[in-house]
Protein chains: 2
Amino acid sequence: MVDKSLKVLKDILRKEGLRFTSQRQSVWDEIRGSHEHRDAEDIYMCIRNNDVRVSRATVYRTIDVLVKNRLVRKMEVGDGRSRYEPRLDDEHHDHMICEETGDIIEFFNEELENLQEKIANDHGYTVVRHVHQLFVKPFPE
Amino acid sequence: MVDKSLKVLKDILRKEGLRFTSQRQSVWDEIRGSHEHRDAEDIYMCIRNNDVRVSRATVYRTIDVLVKNRLVRKMEVGDGRSRYEPRLDDEHHDHMICEETGDIIEFFNEELENLQEKIANDHGYTVVRHVHQLFVKPFPE
DNA sequence: TCCTTATTGAGATTGAGTCTCAGTGGAAAT
DNA sequence: ATTTCCACTGAGACTCAATCTCAATAAGGA
C-alpha cells in the first residue's frame, strides 16, 4: 500500500524528469492519507506537526505537480482557498456542499455525465473536465 | 429600458434602506450594459474611462449589493478573479468554457436541473444553488 | 566521491478583495 | 430652501492565499 503509492509518485517524478525528495513524499503521503477535502495550509501544518521540515512554497509546488499528474484533484468551494483530495483510483465524482454544516458529500451519476457530454457535443465541443457543485441544505422538517 | 432598470435599482436600494448614488448607478449601468462575463477590475476601468469618478472599493461594495439582490450573478472561472453578469430576466443558465479560446457559452437544460434536484433529494437535501461548468475544447478537425 | 543542477526555505512579492476613517452628499424633516 | 443626520465614498492601508527570488542544499548519475 505505502510502497505502491510511493512507486506511483516516483514513476511520475521520473516521467517528468523531476527528483524524488523527502518533501515531495511527505506532501503526497499527507494528501493520500485522508479523503477529506483539505486546503494547502492544513496540509502544510499537518506535515509540520509530524516534525517534518517543509516550507509552504514546497507544499504548493508539490501540489502543482500532483495535480498536473492527476494524483490529486483540486477544487474550489468559493471561499478563496483551494481544496485538494487524492485520486488513487481514477473514479470521478462531483460534490454536494451543505451550506448549513459545511459538509461535503461526494456523488456520481452516470446519466449526468452523459447528459453533459451530449450538451457539449450539441455546441460542437467535447468535455475536457467539469466542475459540478450542488450547494444544498437539509430538507426542512 | 434605461428608466426601467434604474427603477429596479432604486427599488432595491429603498428596500434595503440604502441610498441611491451616482456611483451605484454607474456600476449597475456598466454591468447591465453588456452580457459578457467581466471581472471587477474591468468594470472599474470601463467606468473610469467614461470619466465617472468611482473607487475600486465602491465598485466591490456595489457589486455585493447587486449580487445579494439578484440583479447580478457572480461566477468563478478558476483564475482567482470573480466574473459578473447581469440577470435582468430571471432565467438561469450554466456555462461552458472553451479552454482553447476562452469563449464562454451559456446553456440551460431542464433535464439536468431536475436530475440535480433528484440527486440532492436522494441524500436528504434540497438544492439552494449550484455551480456547473463544462471546460471544453472544440471537436478535433 | 565528485559534480551538475534541480530543489528547497525564508521571506519578499503579487493581486484580488476588504477595511478604515475623515470628508461628502442623499434625502427626510422642518 | 435650509437644516440635520448619518449612509456613502475615496485613498490607501491591510489581509490572505498563492507565487516568486535567490542563495544554500541535496539528488543521483558518472
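Model, not experiment: these values are computed from the prediction. Here is how names work: the chains are called A, B, and so on, in the same order as the sequence lines, proteins then strands, and each is numbered from 1.
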Please tell me if [X] has a side-chain N or O lying less than 4.0 Å from either OP1 or OP2 of [N].
{"X": "R24(B)", "N": "dG25(C)", "value": "no"}
{"X": "Q23(A)", "N": "dA26(D)", "value": "no"}
{"X": "S82(A)", "N": "dA18(D)", "value": "yes"}
{"X": "T58(A)", "N": "dG9(C)", "value": "yes"}
{"X": "S55(B)", "N": "dG12(D)", "value": "no"}

Q | Plane angle bin for H95(B) and H37(B) - parallel if under 30°, tilted between 30 and 60°, otherwise perpendicular | A | perpendicular

Q. Ignoring hydrogens and geometry, is there a side-chain-to-backbone donor-acceptor pair from N69(A) to L71(A) under 3.5 Å?
A. no

Compare the minimum distances between each of [options] and the side chain of [X], then state the nucleotide with the smallest one.
{"X": "Y60(A)", "options": "dA17(D), dC8(D), dA16(C)", "value": "dA17(D)"}
{"X": "L18(A)", "options": "dT7(C), dA27(C), dA11(D)", "value": "dT7(C)"}
{"X": "T21(B)", "options": "dG17(C), dT8(C), dG26(C)", "value": "dG26(C)"}

Q. At under 4.0 Å between heavy atoms, what does R56(B) touch on the DNA or RNA strands: base, sugar-phosphate, or nothing?
A. nothing

Q) Mapping Y84(B) and V54(A) onto DNA chain C by nearest heavy atom, which one lands closer to the 5' end? A) V54(A)

Q.
For H132(B) and H92(B), I'd like to know if the aromatic rings sit close, meaning centre-to-centre distance below 6.0 Å.
A. no

Q | First encountered from the 5' end of DNA chain D, between R19(B) and R48(B) | A | R19(B)

